[in-house]
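Computed from heavy atoms alone, side chains included, the values below leave out hydrogens, waters and symmetry copies. Each chain gets a letter, A, B and so on, in the order the sequences are listed, and its residues count up from 1.
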There are 2 protein chains.
Amino acid sequence: MSRPTIADIAREAGVSKGAVSFALNGRPGVSEETRQRILQIAERMKWRPHSAARALGGARAGAVGLVLARPARTVGVEPFFAQLLSGLQAEFSVRSTALQLLVVEDTAAEIEVYRRWASEHRVDGFVLVDLQVRDPRIEVLEELGMPTVVLGGPGRHGRLPSVWADDREAMLSIVEYLAALGHRRIAHLAGLPAFQHTQRRIRALRDAARRLGLSEALSLPTDFSDAEGAAATRTLLARRERPTAIIYDNDVMAVAGLGVATEMGVAVPGELSIVSFDDSVLARIVHPPLTALSRDTFLLGEQVARALLAVIDDPAAAVDLKTPTPRLTVRESTAVPRD
Amino acid sequence: MSRPTIADIAREAGVSKGAVSFALNGRPGVSEETRQRILQIAERMKWRPHSAARALGGARAGAVGLVLARPARTVGVEPFFAQLLSGLQAEFSVRSTALQLLVVEDTAAEIEVYRRWASEHRVDGFVLVDLQVRDPRIEVLEELGMPTVVLGGPGRHGRLPSVWADDREAMLSIVEYLAALGHRRIAHLAGLPAFQHTQRRIRALRDAARRLGLSEALSLPTDFSDAEGAAATRTLLARRERPTAIIYDNDVMAVAGLGVATEMGVAVPGELSIVSFDDSVLARIVHPPLTALSRDTFLLGEQVARALLAVIDDPAAAVDLKTPTPRLTVRESTAVPRD
DNA sequence: ACGGTTTACTAAACCGGTACAGCTCCTGCC
DNA sequence: GGCAGGAGCTGTACCGGTTTAGTAAACCGT
């Protein structure tokens, strides 16, 4: 016989389907003795619930969605997402919730997927990342009424609960460290200007520069790619008065920038200090290893997952969780500027 | 009103549920005129099928599974998987099939997931990667009778269809290139010995060495991590008669090895040539950029997805697809050995 | 004009669970 | 002794689709 159903178990145990359902879901309605007997039979028959049948009864779909809008071939270059994914998985799988992952080309397609998955009842909630300035996705998700957790910054994201890291403090800690070393001309290769965290970092740098009396603090927007990171670094290093330190918004650009410096004969850290806003193997394995901001992305993923499960359980739950502020791991790419 | 059902459409159109089902699925049983009317109403009401309800009727679950057995925190370091994933997605999403991704700790847990997802009817098929020597998963998947495509090498994998790349030819092309440059002592930092492709590469190197009359061709097994890559490189370079070229089984190890060489004052490519078996941004952005084997992993993912969909449509379909042999992209990490 | 086939559709069963009203005992209490 | 209340269970409706048996009308050839 193929796949046993609760009806099979009921027949075997000589009870009704309802009783079996009660027993298997650990809810009152059957005696402890009967429950044990049913559980044993289910075990013996290797019964597993049919996820579709469960979902049909208006209950959970047992899955959550994560949709990324990026050019298909560029995903996975950044270790950040892989780490986040691992953390999400770790927590979701404990509560036997599956993760549906989809990579699409742009935000319009992403919204379309939210609509489709919601109306197909395929998922119970969403994780929203890469928060943009005036993000159109928030409105859609609120309208759909799907439990959603935003991985973003402080402040309101409509009525959606959020888990966030303090980008501002993180940037301040980097700038203060560089200023303490004696750097006065600092450049910042920022990410996509449309992202909220990019804006927060740019603002933090500007504020810190004013407060610490830096003579220069320039933020250049990029698309996070190694190509733009390299190009912008080349431009910066070709100037007459070049910066003595560059802060890169991700590890890929930082490594590319390091390559450019080496190629142009600019000594790191002698003539140029490099700091990466993301830590990963990448930052560790290059030479010299890069000073980088270490955040526990895996933990972040776990927290987001936990928050989402809480919201699914109780849609009224208001979550606004600040994760530990990342700390700077000093390696060999930063030093006192040579005058 | 929330989510419209086919019953709502049927009422609106003044026909039965069955007629609506026929119309929406493009099957005979209704007149063209009625079909159009029903389609318009469905469109207007923004109807979408409830995926659970469909799956319950013994039909497709509309999803496939990919399970990776690796320590959770190490995933995503390798661009290879991200690329593969993108390719899979691209093809699956065209056929509106979702991809369920799960990362588990070991093979036992992986098998458990196959069992669970199959019996819960959560997926219609699986993609099997990281094929091992005498892989226990194959037997389980055959027993479960789930459509599965193996991403592996040539040869039999039970009765499972497969898509594969020619690792042997790839390794031969690298060795022949290095031999042509004049290298006679070549080392190979291999991956996990339990993997089939590791064994194939080791064998290919040994055969080529004999044929080309190399004086040394050593394969050292590792766990693919940057740490072991660095450690093994250090050992090799500390020997009296050090190799003049090292082939790394992935990009992460190659970059780590490059770091070690730089640190030890061994010039690349002057005193040591480096070749990576995987190409990615990583290989491009370090300095000097690495000579690497370029395979179109994105395309590979698309092909695997297509193959799996074909097997799901027709379980008897026998697929055995060889992908284009990867080609060597020569950059600046390889040169004629200095004597 | 008649039997036979085709077309267009309806009604109901079915998939495998969950939810709930209702029934039968048994116990406790005044 | 009678009644309330609860434990333990049954039976059935229901979720939203698909599928099948059945039916009425139209069509067809001779």
Can you check the A:Met45 CE to C:dG16 P distance for me, whole Å? 13 Å
Taking CD1 from B:Ile38 and P from C:dA8, how many angstroms apart are they, rounded to a whole number? 13 Å
Could you work out, with side chain to side chain donor-acceptor pair (under 3.5 Å) as the rule, every residue matching [X], not counting sequence neighbours?
X: A:Glu120; answer: A:Arg122
X: B:Arg37; answer: none
X: B:Asp130; answer: B:Arg70
X: A:Gln40; answer: none

Would you please confirm or rule out a distance under 4.0 Å between OP1 or OP2 of C:dC9 and any side-chain N or O of B:Ser31? yes
Residue met sooner reading DNA chain C from 5', once B:Leu56 and B:Gly14 are mapped to nucleotides: B:Gly14
Quick one: side chains of residues 10-24 of chain A, donor-acceptor pairs under 3.5 Å with protein atoms, not counting sequence neighbours, listed by atom name and distance.
| from | atom 1 | to | atom 2 | distance (Å) |
| --- | --- | --- | --- | --- |
| A:Arg11 | NH2 | A:Asp8 | OD1 | 3.1 |
| A:Ser16 | OG | A:Ala19 | N | 3.3 |

Based on the rotation axes of five pairs at each end, what angle does the helix from C:dA1-D:dT30 to C:dC30-D:dG1 bend through, to 10°? 40°
Could you tell me from which nucleotide to which nucleotide of DNA chain D, 5' to 3', there is an atom under 4.0 Å from chain B heavy atoms? D:dG16 to D:dT20
Exercise answer: donor-acceptor pairs, residues 302-310 of chain B side-chain atoms, under 3.5 Å, sequence neighbours excluded:
| from | atom 1 | to | atom 2 | distance (Å) |
| --- | --- | --- | --- | --- |
| B:Arg306 | NH1 | B:Glu91 | OE1 | 3.2 |

Looking at A:Arg115 and A:Glu143, does any basic side-chain N land under 4.0 Å from a carboxylate oxygen? yes
Sequence neighbours excluded, the answer for ring pair (Phe, Tyr, Trp, His ring centres under 6.0 Å) partners of A:Phe126 is A:Tyr114
Check ring pair (Phe, Tyr, Trp, His ring centres under 6.0 Å) between B:Phe195 and all other residues, then give those that pass, not counting sequence neighbours. B:His197
Which residues pass the side chain to side chain contact (heavy atoms under 4.5 Å, CB included) test with B:Ala194, sequence neighbours left out? none
With sugar-phosphate taken as primed atoms, P, OP1 and OP2 and all else as base, the protein-contact string of nucleotides 17-24 of chain C at under 4.0 Å (heavy atoms; B, S, -) is BBBB----
